[in-house]
Number of protein chains: 2
Amino acid sequence: MQFTHINSMLIRNMGNNRPRPAMSQKRRASSRLNASSLSQQAVEELRRRIASCQLVPGQRLDEAALAAELGISRTPLREALKMLSAEGLVDITPRRGAHVAEMAQDDLEGIFPIMALLEGEVAREAAQKATPLDLRRLDQLHATLEKYVAAGDVDRYYETNYQFHDALQQVAGNPWLQHVIGDLRKLLRLSRHRSLKLAGRMNDSLNEHRALMDALHKRDAETARRVMKRHLLEQLAALRQLAETAAEA
Amino acid sequence: MQFTHINSMLIRNMGNNRPRPAMSQKRRASSRLNASSLSQQAVEELRRRIASCQLVPGQRLDEAALAAELGISRTPLREALKMLSAEGLVDITPRRGAHVAEMAQDDLEGIFPIMALLEGEVAREAAQKATPLDLRRLDQLHATLEKYVAAGDVDRYYETNYQFHDALQQVAGNPWLQHVIGDLRKLLRLSRHRSLKLAGRMNDSLNEHRALMDALHKRDAETARRVMKRHLLEQLAALRQLAETAAEA
DNA sequence: AGCGCGTATTTTGTATACAAGATAGGCGGC
DNA sequence: GCCGCCTATCTTGTATACAAAATACGCGCT
């Protein structure tokens, strides 16, 4: 067991002057705003690492090793793992340790249609509620998408697409819808590496976005819903095809 | 701090012969099958207590007291609380303790339409897939519902209704849909006491169920979806009215 | 008598100690 | 030489110890 990234200690709340042997209390410049509890910070850090593929699906999460790496004890780390497990990002098998959750094609086949339904609803509500200002903001993001497609930058397209869907949710202003979609999106991030391979679909994807923007401008809620739903189902179809061609190899 | 229910100790895995002073290791006859880890058992026990209103929304959850009550230490209890918090059943405010989550009318207004969408989808898929055997089982549950309406037994009606929706999900056979709906239903249980006050709606509710069964028998997926969706929105409307009349008092 | 401040108490958050289950590795048997 | 069992080691699960934040309480002050 050895870790290359030595400097990933989480931020302790300081003022701790008990003689504690092997626990340096360095705080790291690059760290996010203090989430106050180490377990909460660990949750966020682990989420980040999973999203960024520093921790890959299926990987074993050794408590002692991870705790050491984060500069905390096993207690808050375990609390973090339990929370991530409740979120579905981590699978815990009793007495046999925690692993980063894996996302099979079957899971995508289950999740995407649900997302299609929910995000379709978001689009519908957004079409009804969007102010001119909202539309301008969405147009702006859409323009950025166009830019990245032209540049062939899948990675940034993916991220901006994410932001776009986020912005749309803001417009729809339905906290619970946002919450449920957010939960599912966290899980879909586990298959991010696969989505990034869909460079060939960027153009189609963009066209669907154009159709969506069109519907939003026209305040055509039903069309917006249908377009968004279809957008996600097409995404799934592309992933399915990717899986099938990959399976042949 | 004193507890009346003394005998609610969770099941330890035994074979523990270290001299541990004040920790009796009685196992309880009525306990569920051993979930192996105390934290997991605590999660289930707390979920149960919340669902059954032994722990009411807003109530403070004192770690030491609860741990003592369950006959475990704070470590697994805290892990349980973190999991419940990730599920949304418990709110944890850093350094200020955990409370049973509260469900405002606004939350119901957010959750029910989502449930309507998702359960509508369940009904649609179930209508397509139901075998004659499935239909017989559903008919059976429906008959039980009729019985409880006739008897005016809201409590049992509620439970059987729950089972009915569960059975329908089995028929639809969509694990992820089931999962998402399950998450939301756990939350809705927080307002169970309110739903139980809807005795007057039992008849309407039953009629909607009849219409659903009819659509299922006819394999009319689209009607099944619409009926189920409407069923849930009506439920919400009834709860809303209840809240309004209650607010006047 | 009411209010504020300082101290005592409670309660959370984290680290550590320890036991039992799981794993791995070696030894003997076939 | 391969398989199975037994032991040593590792890892998880739980309890406990302790520190700091939060809260409660009482005292003095105005």
Side-chain angles (χ1 to χ4, degrees), chain A residues 1-2 9-27 34-46 59-85 90-99, chain B residues 1-2 9-25 27 34-45 59-85 90-99:
Chain A
M1 167 201 42
Q2 42 100 319
M9 304 272 180
L10 301 183
I11 300 173
R12 194 175 318 283
N13 251 6
M14 306 302 298
N16 201 339
N17 49 6
R18 182 161 58 114
R20 191 163 1 180
M23 183 66 71
S24 89
Q25 278 162 227
K26 232 176 280 190
R27 33 168 79 210
N34 197 331
S36 114
S37 100
L38 293 184
S39 50
Q40 192 53 42
Q41 282 177 267
V43 165
E44 282 154 31
E45 179 62 22
L46 292 177
Q59 182 173 346
R60 170 75 180 277
L61 298 170
D62 183 281
E63 293 180 4
L66 254 185
E69 152 110 358
L70 296 178
I72 63 182
S73 81
R74 280 178 55 222
T75 308
L77 176 69
R78 277 178 61 88
E79 291 179 354
L81 289 177
K82 296 283 186 179
M83 284 190 271
L84 291 170
S85 140
V90 160
D91 287 335
I92 295 180
T93 329
R95 285 273 173 208
R96 318 194 54 167
H99 294 256
Chain B
M1 166 198 44
Q2 41 100 320
M9 305 271 179
L10 302 183
I11 300 173
R12 193 175 318 284
N13 251 5
M14 306 303 297
N16 201 338
N17 49 8
R18 183 161 59 112
R20 191 161 4 181
M23 181 68 70
S24 89
Q25 281 162 223
R27 29 169 82 211
N34 196 333
S36 112
S37 99
L38 293 183
S39 50
Q40 192 53 41
Q41 282 177 269
V43 165
E44 283 154 31
E45 179 63 22
Q59 181 173 347
R60 169 76 180 276
L61 298 169
D62 183 280
E63 293 181 5
L66 255 184
E69 153 110 357
L70 297 177
I72 63 182
S73 81
R74 278 178 57 223
T75 308
L77 176 69
R78 277 177 61 88
E79 292 179 354
L81 289 176
K82 296 284 185 178
M83 285 190 271
L84 291 171
S85 140
V90 160
D91 288 334
I92 295 181
T93 328
R95 284 272 173 208
R96 317 194 60 166
H99 295 256

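First the proteins, then the strands, lettered A, B, ... as listed; each starts at 1.
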(message) I need the CD1-P distance between I72(B) and dA15(D), as an integer number of Å.
(response) 7 Å
(request) Would you please confirm or rule out a distance under 4.0 Å between OP1 or OP2 of dA15(C) and any side-chain N or O of S73(A)? (result) yes
(request) Could you check how far CZ of R74(B) sits from C1' of dA17(D), rounded to whole Å? (result) 11 Å
(request) Return yes when atom CZ of R96(A) has more than 12 non-hydrogen atoms of other residues, nucleotides or ligands closer than 6.0 Å, and no otherwise. (result) no
(request) Return the value, rounded to whole Å, for the distance between atom CG of L61(B) and atom P of dG13(C). (result) 13 Å
(request) Would you kindly say whether Q41(A) and E45(A) are connected by a side-chain donor-acceptor distance under 3.5 Å? (result) no
(message) As an exercise, state the distance from CG of L66(A) to CG of L81(A), rounded to the nearest 0.5 Å.
(response) 7.0 Å
(message) In this structure, how many angstroms lie between the C1' atom of dT12(C) and the CG atom of L66(B), rounded?
(response) 14 Å
(request) Round to the nearest Å and state the distance from E63(B) atom CD to dT14(C) atom P. (result) 11 Å
(request) Report yes if at least one side-chain N or O of R60(A) is closer than 4.0 Å to OP1 or OP2 of dT12(D); otherwise report no. (result) yes
Close N/O contacts between protein and nucleotides 22-25 of chain C (under 3.5 Å):
| unit_1 | atom_1 | unit_2 | atom_2 | d |
| --- | --- | --- | --- | --- |
| dT23(C) | OP1 | R96(A) | NE | 3.0 |
| dT23(C) | OP1 | R96(A) | NH2 | 2.6 |
| dT23(C) | OP2 | R96(A) | NH2 | 3.4 |

(request) Not counting sequence neighbours, which residues clear salt bridge (Lys or Arg N to Asp or Glu O under 4.0 Å) with R74(B)? List them please. (result) E63(B)
(message) Please report the distance, rounded to the nearest Å, between CD in Q40(B) and P in dG13(D).
(response) 11 Å
(request) Check the distance between dT14(D)'s C1' and Q41(B)'s CD and give it to me in whole angstrom. (result) 12 Å
(request) Report yes if at least one side-chain N or O of S39(B) is closer than 4.0 Å to OP1 or OP2 of dT14(D); otherwise report no. (result) yes
(message) With nearest nucleotide decided by heavy atoms, which residue, T75(A) or A98(B), maps closer to the 5′ end of DNA chain C?
(response) A98(B)
(message) Just verifying a value: how many Å separate S85(B) OG and L61(B) CG, rounded to the nearest 0.5 Å?
(response) 11.0 Å
(message) Can you tell me how far apart NZ (K82(A)) and CG (L77(A)) are? Round to the nearest 0.5 Å.
(response) 11.5 Å
(request) Hey, could you give me the CD1/CZ distance between I72(B) and R78(B), rounded to the nearest 0.5 Å? (result) 12.5 Å
(message) From CD of E79(A) over to P of dG13(C), roughly how many Å is that when rounded to an integer?
(response) 8 Å
